[in-house]
Student: 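Sending over a structure as structure tokens; questions will come in a sec.
Residue numbers run from 1 in the order of the sequence given.
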Amino acid sequence: MFHVRFVLATFVWAFLLIAAGSAFFGALAAELTFDLKVAHGRVPDSMQLIRVRQGDVVRLRWSTDQPLTLHLHGYDIEKHVEPGTTTDLTFAASATGRFPVHVHAQGGRADGHTHEEEPLVNIEVYPR
């Protein structure tokens, strides 16, 4: 009888630890918004590197002076941005690493997309 109670107590304790850990780490996740203005094909130097933590919900609010199609590599998200509008590119930062945002230009490759030389922005996602 003691053995059954011990095993049951161990399972309950493990479940509580997992539940508490999930609640704790979930509470640490943030919802972050970054306003990014593309002018003459560039964003300001201070916005070219964005750092977030794994689990964060990231909203990139884009505006531009010319039509652009943006591609967030690693998350495979593409958005078209028109002048005079603001377009949100939102994602949950589940994968860690460095993820560039490139402008896709029409023409060039068979799939119709080419990249600018340098990314507009790099998103760095750090483990929590």
Side-chain angles (χ1 to χ4, degrees):
M1 185 68 168
F2 173 75
H3 181 65
V4 172
R5 286 185 186 170
F6 178 75
V7 170
L8 182 60
T10 301
F11 280 117
V12 169
W13 180 247
F15 175 77
L16 290 173
L17 283 175
I18 291 169
S22 295
F24 176 73
F25 288 113
L28 293 178
E31 292 186 21
L32 305 169
T33 300
F34 300 91
D35 292 316
L36 300 159
K37 170 77 174 147
V38 181
H40 307 290
R42 294 183 46 89
V43 298
D45 291 344
S46 63
M47 295 302 294
Q48 290 180 1
L49 178 61
I50 295 173
R51 293 182 174 110
V52 300
R53 294 238 176 236
Q54 188 175 24
D56 290 345
V57 175
V58 180
R59 176 183 295 144
L60 306 176
R61 294 180 48 96
W62 294 93
S63 59
T64 181
D65 60 354
Q66 59 187 339
L68 299 173
T69 299
L70 303 173
H71 181 222
L72 173 58
H73 290 270
Y75 288 88
D76 202 25
I77 301 171
E78 194 169 277
K79 290 286 182 170
H80 187 73
V81 186
E82 286 289 334
T85 66
T86 301
T87 302
D88 288 356
L89 187 159
T90 304
F91 66 100
S94 56
T96 59
R98 182 177 245 210
F99 305 97
V101 177
H102 277 107
V103 173
H104 274 187
Q106 296 303 317
R109 292 189 348 205
D111 63 5
H113 295 290
T114 60
H115 289 147
E116 297 289 326
E117 294 295 320
E118 295 293 321
L120 281 177
V121 173
N122 282 298
I123 312 292
E124 290 183 350
V125 181
Y126 293 91
R128 189 156 297 280

Student: I need the Thr86 OG1 to Glu82 CD distance, nearest 0.5 Å.
Tutor: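 Reported to 0.5 Å precision, the distance equals 12.5 Å.
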Student: State, to 0.1 Å, how close Ala29 and Gly55 come at their nearest heavy-atom pair, and which atoms those are.
Tutor: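 Result for this residue pair: CB-O, 3.4 Å.
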Student: Quick one: list whatever passes side chain to side chain contact (heavy atoms under 4.5 Å, CB included) with Ser94, sequence neighbours left out.
Tutor: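 In terms of side chain to side chain contact (heavy atoms under 4.5 Å, CB included), with neighbours along the sequence ignored, Ser94 is linked to Tyr75.
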Student: Please name the pair of heavy atoms, one in Leu68 and one in His80, separated by the smallest distance, quoted to 0.1 Å.
Tutor: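 Nearest heavy atoms, Leu68 then His80: O-ND1, 3.1 Å.
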Student: Using the test side chain to side chain contact (heavy atoms under 4.5 Å, CB included), find all partners of Pro127 that sit at least two apart in sequence or belong to another chain.
Tutor: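 Here the qualifying residues are Gln54, Thr96.
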Student: Begin with the C-alpha distance, continue with both residues' side-chain angles, and end with the deciding distance and a verdict on side-chain contact (heavy atoms from CB on, under 4.5 Å) for Thr64 and Leu70.
Tutor: CA-CA 11 Å; Thr64 181; Leu70 303 173; over 6 Å; no
Student: side-chain contact (heavy atoms from CB on, under 4.5 Å), that's the test. Do Val43 and Val121 meet it? Break it down for me.
Tutor: CA-CA 8 Å; Val43 298; Val121 173; 3.9 Å; yes
Student: Who pairs with Arg61 by salt bridge (Lys or Arg N to Asp or Glu O under 4.0 Å), at least two apart in sequence or on another chain?
Tutor: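 Arg61 satisfies salt bridge (Lys or Arg N to Asp or Glu O under 4.0 Å) with Asp35, Asp88 only.
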Student: Check whether any side-chain heavy atom of Phe91 sits under 4.5 Å from a side-chain heavy atom of Leu89, and report yes or no.
Tutor: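 Yes, at least one pair of side-chain atoms sits under 4.5 Å.
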Student: So which heavy atom on Ala93 is nearest to which on Val58, and how close?
Tutor: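 The pair with the smallest heavy-atom distance is CB-CG2, 4.4 Å.
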Student: Measuring from atom CG of Leu72 to atom CG of Leu120, what distance do you get when rounded to the nearest 0.5 angstrom?
Tutor: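 Here the rounded value is 11.5 Å.
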Student: What's the separation between atom CZ in Phe34 and atom CG in Leu60, rounded to the nearest 0.5 Å?
Tutor: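 If I round to the nearest 0.5 Å, the distance is 7.5 Å.
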Student: For Thr69 versus Glu78, what's the shortest heavy-atom pair and its separation?
Tutor: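 Taking Thr69 first and Glu78 second, the nearest heavy atoms are CG2-CG, 3.5 Å.
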Student: Run the numbers on Asp56 and Arg128 for salt bridge (charged side-chain N to carboxylate O under 4.0 Å, His left out), then give the verdict.
Tutor: CA-CA 9 Å; Asp56 290 345; Arg128 189 156 297 280; 2.4 Å; yes
Student: Can you tell me how far the CD atom of Gln66 sits from the NE2 atom of His40, to the nearest 0.5 Å?
Tutor: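 One gets 9.0 Å once the value is rounded to the nearest 0.5 Å.
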Student: Is Ile123 close to Val101 at the side-chain level, that is, under 4.5 Å between some pair of heavy atoms?
Tutor: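 Yes, at least one pair of side-chain atoms sits under 4.5 Å.
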Student: With the side chain counted from C-beta on, respond yes when Val38 and Val81 share a heavy-atom pair under 4.5 Å apart, and no when they do not.
Tutor: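 Not in contact.
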Student: So, using side chain to side chain contact (heavy atoms under 4.5 Å, CB included) as the criterion, who are the partners of Asp76 when residues are at least two apart?
Tutor: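 So Asp76 forms a side chain to side chain contact (heavy atoms under 4.5 Å, CB included) with His71.
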Student: Given side chains that start at C-beta, do those of Phe99 and Ile77 come closer than 4.5 Å, heavy atoms only?
Tutor: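 Not in contact.
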Student: With Glu124, which residues qualify under side chain to side chain donor-acceptor pair (under 3.5 Å), at least two apart?
Tutor: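 Partners of Glu124 by the side chain to side chain donor-acceptor pair (under 3.5 Å) criterion, ordered by chain and then number, come out as Arg51, Arg98, Tyr126.
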Student: Does any non-hydrogen side-chain atom of His102 lie less than 4.5 Å from one of His73?
Tutor: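 Sidechains of His102 and His73: in contact.
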Student: Closest heavy-atom contact between Asp45 and Arg42?
Tutor: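 Nearest pair, atom of Asp45 first, then Arg42: OD1-NH2, 2.9 Å.
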